[in-house]
Amino acid sequence: MTLPIDLILTELKQALVQSTRVLLQAPPGAGKTTQVPLALLDAPWRAGKKIIMLEPRRLAARSAARFMALQLGEQVGQRVGYRTKLDTKISAATQIEVVTEGILTRIIQNDPMLEDYALVIFDEFHERSLAADLGLALVRESQEVLREDLRLLVMSATLDTAPIAQVLGDVPIISSEGRAFPVEVIYRPANFKNTHLIDAVVRVIKEALAEQTGSLLVFLPGVGEIRPTLKDIHSKFRLVELLKSGCPLNP
């Protein structure tokens, strides 16, 4: 399957050969999170060192690592692994590490030169957080003082390039096209005085599956809501039947 990000990968590779700092703008669904790190595995400047990618959320970090490993036909923890709070899957063979914000800060504190790494990727930088900004500042300091060869790639779906360009200096800015699909907004207000959030979500999922075709994407506040919702769906709607209908359920 061809993704929009595939069209600019050659340009991105060349930019990282010529510059140690690059900005990448790519809308949601372009494929930047799971395609860019894999595309850079054969970069000449990597010289056997690893790529580390920052993901703001633990669930996203684990999912991205698993999907990249799947594309390589491997288990997570081989060439692609992750490190999050209380959960690590890496090995001596790991070349791409997907980590969360606190982990990156700790790595830099323990090794300011980032000797094991050739590239630091900040994914979803538009979400902005104190930890991500701190990580970026520390990586820039490492570049300027200790590692001129260390590369930095900032990726975002919606990024105002002016403020970040001020921090990074005169850097190449590469843009990827996205894919647009028609969207119809249908509201199903829930009376939360008498209905629990998970019960309301499960009810709306049932309605959507009955009325619509195709896949279903459900947004919930966090893992604490995702897992009970999945459990409820499995028990109420019979998971096997849902899978047969073409609606896979992925936490």
Side-chain angles (χ1 to χ4, degrees), residues 1 3 28-35 37 53-91 94 96-104 123-124 126-127 129 131-132 157 179 181-251:
M1 179 178 64
L3 295 169
K32 60 185 180 299
T33 299
T34 56
Q35 300 305 306
M53 181 168 72
L54 173 71
E55 280 295 327
R57 294 180 175 82
R58 284 176 283 176
L59 189 59
R62 292 192 291 264
S63 297
R66 289 189 184 110
F67 189 78
M68 283 190 282
L70 182 65
Q71 290 183 86
L72 294 175
E74 300 176 354
Q75 295 292 320
V76 69
Q78 293 179 278
R79 276 186 289 174
V80 182
Y82 65 79
R83 287 204 251 178
T84 65
K85 185 178 180 180
L86 304 177
D87 189 8
T88 296
K89 286 191 182 297
I90 60 172
S91 68
T94 301
I96 297 173
E97 289 185 17
V98 187
V99 304
T100 45
E101 293 166 343
I103 302 295
L104 177 63
D123 192 23
E124 307 295 356
H126 61 276
E127 294 190 8
S129 70
R179 291 182 295 185
F181 299 93
V183 175
E184 179 184 3
V185 179
I186 304 172
Y187 290 99
R188 293 286 191 274
N191 181 3
F192 288 110
K193 290 183 179 179
N194 302 316
T195 306
H196 190 273
L197 170 64
I198 293 171
D199 293 332
V201 169
V202 171
R203 185 177 68 245
V204 172
I205 290 173
K206 183 179 179 181
E207 291 177 10
L209 291 173
E211 298 171 5
Q212 306 290 333
T213 59
S215 300
L216 183 64
L217 177 62
V218 180
F219 291 94
L220 288 163
V223 174
E225 292 78 22
I226 292 171
R227 286 176 177 162
T229 300
L230 278 173
K231 185 177 179 181
D232 204 349
I233 292 171
H234 290 186
S235 63
K236 286 186 178 179
F237 304 142
R238 295 190 298 277
L239 178 61
V240 174
E241 290 185 11
L242 285 175
L243 292 175
K244 285 181 178 178
S245 71
C247 296
L249 296 172
N250 295 310

Does any N or O in the side chain of Q212 come within less than 3.5 Å of the main-chain N or O of L209, such that one atom is a donor and the other an acceptor?
no
Donor-acceptor pair, T94 side chain versus G77 backbone, under 3.5 Å?
yes
Run the side-chain hydrogen bond (donor to acceptor under 3.5 Å, both in side chains) test against [X] and tell me which residues pass, sequence neighbours left out.
{"X": "Q75", "result": "none"}
{"X": "Q78", "result": "none"}
{"X": "E184", "result": "none"}

Looking at [X] and [Y], what are the two nearest heavy atoms and their distance?
{"X": "T33", "Y": "A64", "value": "CG2-CB, 3.8 Å"}
{"X": "V76", "Y": "K89", "value": "CG1-CD, 3.6 Å"}
{"X": "A60", "Y": "E55", "value": "CB-OE1, 3.9 Å"}
{"X": "G81", "Y": "A65", "value": "O-CB, 3.9 Å"}
{"X": "K32", "Y": "E124", "value": "NZ-OE2, 4.0 Å"}
{"X": "M68", "Y": "V98", "value": "CE-CG2, 3.7 Å"}

Start with the C-alpha gap between L72 and V80, add the side-chain angles, then the distance that decides, and say whether side chain to side chain contact (heavy atoms under 4.5 Å, CB included) holds.
CA-CA 9 Å; L72 294 175; V80 182; 3.7 Å; yes
Any pair with a residue in residues 207-221 that passes salt bridge (charged side-chain N to carboxylate O under 4.0 Å, His left out), sequence neighbours left out, goes on the list, sorted by first then second residue, please.
R188-E207, R188-E211
What pairs meet the salt bridge (charged side-chain N to carboxylate O under 4.0 Å, His left out) rule with one or both residues in residues 63-77, with sequence neighbours excluded?
E74-R79
From [X] [atom1] over to [Y] [atom2], what is the distance, rounded to the nearest 0.5 angstrom?
{"X": "I103", "Y": "Y82", "atom1": "CD1", "atom2": "OH", "result": "12.0 Å"}
{"X": "I205", "Y": "L216", "atom1": "CD1", "atom2": "CG", "result": "6.0 Å"}
{"X": "D123", "Y": "R57", "atom1": "CG", "atom2": "CZ", "result": "11.5 Å"}
{"X": "R62", "Y": "T100", "atom1": "CZ", "atom2": "OG1", "result": "9.0 Å"}
{"X": "D199", "Y": "D232", "atom1": "CG", "atom2": "CG", "result": "6.0 Å"}

Evaluate the side-chain proximity of L54 to E101: yes if any heavy-atom separation is below 4.5 Å, no if none is.
yes
A side-chain contact here means heavy atoms from C-beta on lying under 4.5 Å apart; do V99 and T84 qualify?
no
For the side chain to side chain contact (heavy atoms under 4.5 Å, CB included) test, which of L197, I198, V201 pairs with P228?
I198
Report the residues that fulfil salt bridge (Lys or Arg N to Asp or Glu O under 4.0 Å) with E97, sequence neighbours left out, ordered by chain and then residue number.
K50, R83
